[in-house]
**Q** 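Mind having a look at this structure? Questions to follow.
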Amino acid sequence: MALEHMDLAEKIAGNFARRTIHPKEDLLQLAMIGLIKAARRYDPSRGPFRPYGRTYANGEITHFLRDNGFLLKVPPTWRELHARGQRLLTTGVGVDEMLKRIGMSRAQWIQIVDACSVRVVAFPVE
């Protein structure tokens with residue numbers, strides 16, 4: 001059932017890939033895991049599979065992003081700008097050109113990078 005709705009997983013993964021710095025292929029794997037979980041729990045008497053599967057696929061990606069996400073609450077627009085800037089930089093665009101394309105100053109970019117680079121760090125309990 002999950003393979004029958006792989007187009008749904010691709011669409012969901014694409015939506016998240018445009019808003020984050022994570023590769024679409026990785027997010028597609030997570031969406032497919034969500035669809036597999038949904039297929040295992042699906043009861044046809046409760047309605048069509050797609051809305052049910054969409055919830056699980058979105059949830060799987062959201063849980064991953066939350067667990068591997070930001071320590072500080074960063075506005076979604078900042079995360080999107082950070083992702084866009086990083087994508088441009090990895091394609092070989094220079095910093096000045098990247099700033100011009102996304103329409104911000106160097107000081108604003110530094111502030112966004114600082115906010116988006118703080119990650120959750122777990123230390124082992126002794």
Side-chain angles (χ1 to χ4, degrees):
M1 185 173 283
L3 290 175
E4 291 173 15
H5 297 280
M6 191 167 178
D7 64 312
L8 178 63
E10 288 175 359
K11 184 176 180 179
I12 293 168
N15 288 339
F16 276 99
R18 281 190 296 279
R19 296 181 290 157
T20 66
I21 59 173
H22 298 283
K24 182 180 177 183
E25 295 78 21
D26 293 348
L27 299 173
L28 177 59
Q29 289 179 10
L30 292 166
M32 286 303 295
I33 290 170
L35 287 181
I36 291 167
K37 288 179 179 180
R40 288 181 181 162
R41 297 181 174 129
Y42 176 61
D43 177 10
S45 67
R46 298 191 68 184
F49 177 77
R50 279 184 89 82
Y52 188 75
R54 175 179 281 119
T55 303
Y56 273 82
N58 275 324
E60 199 67 32
I61 293 174
T62 303
H63 286 259
F64 170 79
L65 294 175
R66 181 197 62 213
D67 295 344
N68 297 292
F70 301 99
L71 178 62
L72 303 173
K73 179 70 174 154
V74 179
T77 53
W78 281 24
R79 289 194 304 262
E80 290 174 26
L81 286 169
H82 184 256
R84 282 179 51 206
Q86 291 300 323
R87 264 189 245 112
L88 286 170
L89 292 171
T90 58
T91 61
V93 174
V95 175
D96 292 330
E97 177 65 22
M98 179 271 301
L99 292 172
K100 193 163 104 178
R101 286 189 189 181
I102 61 176
M104 71 172 46
S105 69
R106 187 175 292 269
Q108 289 170 317
W109 176 249
I110 291 170
Q111 187 178 16
I112 288 173
V113 168
D114 286 345
C116 292
S117 64
V118 177
R119 299 284 181 192
V120 176
V121 178
F123 294 103
V125 178
E126 295 180 10

**Q** Can Ile33 be reached from Ile12 by stepping across I, L, V, M, F, W or Y side chains whose heavy atoms are under 4.5 Å apart?
**A** no
**Q** Supply the atom-to-atom distance Gln111 CD to Cys116 SG, rounded to the nearest 0.5 angstrom.
**A** 10.5 Å
**Q** Tell me every residue that passes side chain to side chain donor-acceptor pair (under 3.5 Å) with Arg106, counting only those two or more places apart in sequence or in another chain.
**A** Asp96
**Q** Glu97 side chain to Gly94 main-chain N or O, any donor-acceptor pair under 3.5 Å?
**A** no
**Q** State whether the side chain of Arg84 and the backbone N or O of Met98 hold a donor-acceptor pair below 3.5 Å, judged by distance alone.
**A** no
**Q** Any link between Ile36 and Leu27 through a network of hydrophobic side chains (Ile, Leu, Val, Met, Phe, Trp, Tyr) touching at under 4.5 Å?
**A** no
**Q** Quick one: sort the Phe49 and Tyr42 rings into parallel, tilted or perpendicular, breaks at 30° and 60°.
**A** perpendicular
**Q** Rounded to the nearest 0.5 Å, how far does NZ of Lys100 lie from CG of Leu88?
**A** 13.0 Å
**Q** When the side chains of residues 58-65 are checked against the rest of the protein, which donor-acceptor pairs come out under 3.5 Å, sequence neighbours left out?
**A**
residue: Asn58; atom: ND2; partner: Arg54; partner atom: O; Å: 3.4
residue: Glu60; atom: OE1; partner: Lys37; partner atom: NZ; Å: 3.1
residue: Glu60; atom: OE2; partner: Lys37; partner atom: NZ; Å: 3.4
residue: Thr62; atom: OG1; partner: Asn58; partner atom: O; Å: 2.7
residue: His63; atom: ND1; partner: Arg66; partner atom: NH2; Å: 3.2

**Q** Once side chain to side chain contact (heavy atoms under 4.5 Å, CB included) is applied, do any residues pair with Gln86, and if so which ones, sequence neighbours excluded?
**A** Ile21, His82, Leu89, Trp109
**Q** Do Ile110 and Met104 land in one hydrophobic cluster if side-chain heavy atoms of ILVMFWY residues count as linked below 4.5 Å?
**A** no
**Q** Which residues pass the side chain to side chain donor-acceptor pair (under 3.5 Å) test with Ser45, not counting sequence neighbours?
**A** Asp43
**Q** Identify the heavy atoms of Met6 and Leu28 that sit nearest to each other, and give their distance.
**A** CE-CD2, 4.4 Å
**Q** So which heavy atom on Met32 is nearest to which on Ala2, and how close?
**A** CE-O, 3.8 Å
**Q** List the atom of Arg50, the atom of His5, and the distance in Å for their closest heavy-atom pair.
**A** NH1-ND1, 3.2 Å
**Q** Restricting to ring-ring contact (aromatic ring centres under 6.0 Å, His included), what partner residues turn up for Phe16, sequence neighbours left out?
**A** none
**Q** Are side-chain heavy atoms of Leu30 and His22 found at a separation under 4.5 Å?
**A** no
**Q** Could you tell me which residues satisfy side chain to side chain donor-acceptor pair (under 3.5 Å) with Glu80, sequence neighbours excluded, listed by chain and number?
**A** none
